[in-house]
Amino acid sequence: MTVGVLGGGQLGRMLALAGYTLGQRFVFLEPAKDPCAGHVGEVRVGAYDDEERLQELARKSVVVTYEFENVPVASARFLNELVPVFPPPRALEVSQDRLVEKEFFRSLGIPVPAFAPVSSRADLEAAASALGLPLVVKTRRFGYDGKGQWVLRAPGDVARAWDALEAASLVVEALVPFDRELSILGVRGKNGETRFYPLVENVHRDGILRTSTPKSAAWTPELQARAEGWAKRVLDELDYVGVLAIELFMVGEELLVNEMAPRVHNSGHWTIEGAETSQFENHIRAVVGLPLGSTRMVGVSAMLNVIGRMPSREAVLAVDGAHLHAYGKEGAPGRKIGHVTVRAETLAELEAKVGQLAPILDPIEPQL
Ligand code: AMP
């Protein structure tokens, strides 16, 4: 049985690595030549809206999924006429537009930062006086890793930002003075069964995820239940199949939802060694209609991203409990080219191991 995947990056690569043990094969449609998923599966190079390529992908696959949330919704719908596409194209549609996404969360009673749509300078000025400063202005579409965002702190920033903006389809939201950033990953099967991984604490630098720690010091059963309840509402409303990630801000004891990703997620990479069933395996199980696996943690773990340059493999692997995942990509500033998951039996032991790994991976120390 072959699974078709839109996108051929590291997420596709790790989906295939997990799916092969279940006897699946993989074919990727990817616009770039020589993507890293091609080291572990067949690649068809083509645009996401190339109908011939989409038809070919549908012919070769029993189900199609995606590892990149900016594939055109029209392509997912086109494919869905030929072969089942999971997660459902509506999940893509909602997550691709920050305004639609926030309205969707609000309609489900899920708290989000105060926000307003902006399509003119007058809208921006009105939003600044209605919501107050500081604010974040974001493009509605195609933002990722903090790209396409501006923070407005002083009244003069409003005019300056508008002059600098190239897009007129924007959303502004209150700048949340968060204490922590968290994410919840859930998976839903074709029969509607859901499972959730423990809340993960995420540390970003320069808009890029650096470390993810499941069940960090901030974790409580009540927080977990709250986040799971919201994720379940989203999964059920979308009649979702596969893994979904929701990013949250924690302010004091309050949680607010930032955004969602209808795919496997960087903050779930720790699950490969740190959970009974990885997010990648559970995504494949869900989309091909197999029973979901346990999301129970195995020991305690942390994930550190490898950004820019590959560290010495010898040095990383000399740390007991460290697992290196190199994506086979060329290094470049700001580029995610691998990750390390480190596992331990106690939090104190884990902290010591993260302390050993941090200077090997990055001269600036990531924090737990
Ligand atoms: P996003 O692309 O929306 O995930 O934003 C990238 C990062 O910018 C987030 O992980 C936060 O660190 C920060 N950020 C985004 N929106 C807000 C907000 N409303 N308040 C504070 N920080 C934000």
Side-chain angles (χ1 to χ4, degrees), residues 11 68-70 91-92 94-106 110-118 123-124 127-128 130-154 157-158 161 165-167 169-185 199-214 216 218 227 230-231 234 244-269 303-305 307 334-336 339 364 366-368:
L11 299 179
F68 174 60
E69 70 269 32
N70 283 329
L92 267 184
V94 170
S95 69
Q96 282 181 0
D97 184 321
R98 292 182 193 275
L99 180 62
V100 172
E101 185 180 45
K102 288 202 159 52
E103 284 168 346
F104 173 76
F105 287 130
R106 200 161 61 180
I110 298 170
V112 290
F115 67 94
V118 165
D123 285 352
L124 186 59
L131 303 179
L133 297 176
L135 287 174
V136 192
V137 189
K138 300 180 179 179
T139 52
R140 281 175 57 176
R141 300 173 69 82
F142 304 125
Y144 68 98
D145 283 353
K147 293 188 173 62
Q149 297 191 11
W150 297 264
V151 176
L152 312 183
R153 294 186 189 278
D157 293 343
V158 177
L165 293 171
E166 282 157 22
S169 205
L170 304 164
V171 60
V172 283
E173 50 187 76
L175 182 73
V176 179
F178 59 79
D179 301 308
R180 300 168 188 271
E181 291 190 80
L182 306 178
S183 56
I184 181 96
L185 270 72
L199 274 166
V200 177
E201 180 167 350
N202 300 310
V203 175
H204 295 85
R205 205 176 62 234
D206 304 328
I208 302 174
L209 181 68
R210 304 288 157 158
T211 63
S212 288
T213 312
S216 74
W230 297 341
V234 171
L244 169 83
I246 297 183
E247 296 182 21
L248 308 128
F249 297 128
M250 187 174 176
V251 199
E253 292 307 302
E254 195 188 355
L255 287 182
L256 296 168
V257 165
N258 175 27
E259 61 178 1
M260 69 180 199
R263 55 169 170 76
V264 287
H265 195 253
N266 197 170
S267 67
H269 291 359
M303 191 271 331
L304 298 87
N305 268 338
I307 315 276
R335 192 171 198 211
K336 291 177 189 169
H339 74 265
I364 302 172
Q367 298 157 357
L368 254 193

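Whatever order the structure lists them in is the order used to number ligands and atoms, beginning at 1. All heavy atoms count here, side chains included; hydrogens, waters and symmetry mates do not.
- Contact annotation: for V176 versus ligand 1, heavy atoms closer than 4.0 Å belong to both the backbone and the side chain.
- Taking a cut-off of under 4.0 Å to the non-hydrogen atoms of V136, the atoms of ligand 1 that pass are 18 (C), 19 (N).
- Heavy atoms of P177 found under 4.0 angstrom from ligand 1: none, in either backbone or side chain.
- Counting heavy atoms under 4.0 Å from ligand 1, residue N258 touches it through the side chain alone.
- Relative orientation of the F249 and F178 rings is parallel, given thresholds of 30° and 60° on the angle between their planes.
- Rounding to the nearest 0.5 Å places CZ of R205 at 11.0 Å from CG of N305.
- Applying the 4.0 Å criterion to heavy atoms of E247 picks out, from ligand 1, the atoms 4 (O).
- Distance alone, capped at 3.5 Å, places no donor-acceptor pair between the Q149 side chain and the V136 backbone.
- Here the shortest heavy-atom pairing between E101 and V94 reads CB-O, 3.4 Å.
- The distance from ligand 1 to the heavy atoms of E259 drops below 4.0 Å at these ligand atoms: 1 (P), 2 (O), 3 (O), 4 (O).
- Atoms CD and CD, on E181 and E201 in that order, are 9.5 Å from each other to the nearest 0.5 Å.
- Of all the atoms in ligand 1, the ones that sit under 4.0 Å from a non-hydrogen atom of E173 are 16 (N), 17 (C), 18 (C), 19 (N).
- Of all the atoms in ligand 1, the ones that sit under 4.0 Å from a non-hydrogen atom of Q149 are 1 (P), 2 (O), 3 (O), 5 (O), 6 (C), 8 (O), 15 (C).
- Per-residue contacts place H204 under 4.0 angstrom from the following atoms of ligand 1 (heavy atoms of the residue considered): 10 (O).
- Heavy-atom separations between G207 and ligand 1 are all 4.0 Å or longer.
- Contact check for L175 versus L135: no side-chain heavy atoms found under the 4.5 Å cut-off.
- One option in E101, R205, K138 has a heavy atom closer to atom 15 (C) of ligand 1 than any other, and that option is K138.
- Between E173 and R98 there is no salt bridge, since none of the side-chain N atoms of the basic residue sits less than 4.0 Å from a carboxylate O of the acidic one.
- Remark: the backbone N or O of R141 is not paired with any side-chain donor or acceptor of D97 at under 3.5 angstrom.
- Taking any N or O of F249, backbone or side chain, none lies under 3.5 Å from an N or O belonging to ligand 1.
- When each atom of ligand 1 is checked for a heavy atom of E181 under 4.0 Å away, the hits are 9 (C), 10 (O), 11 (C), 12 (O).
- For the atom pair I246 CD1 and S95 OG, the distance stands at 11.0 Å (nearest 0.5 Å).
- The shortest N or O to N or O distance between P113 and ligand 1 is not under 3.5 Å.
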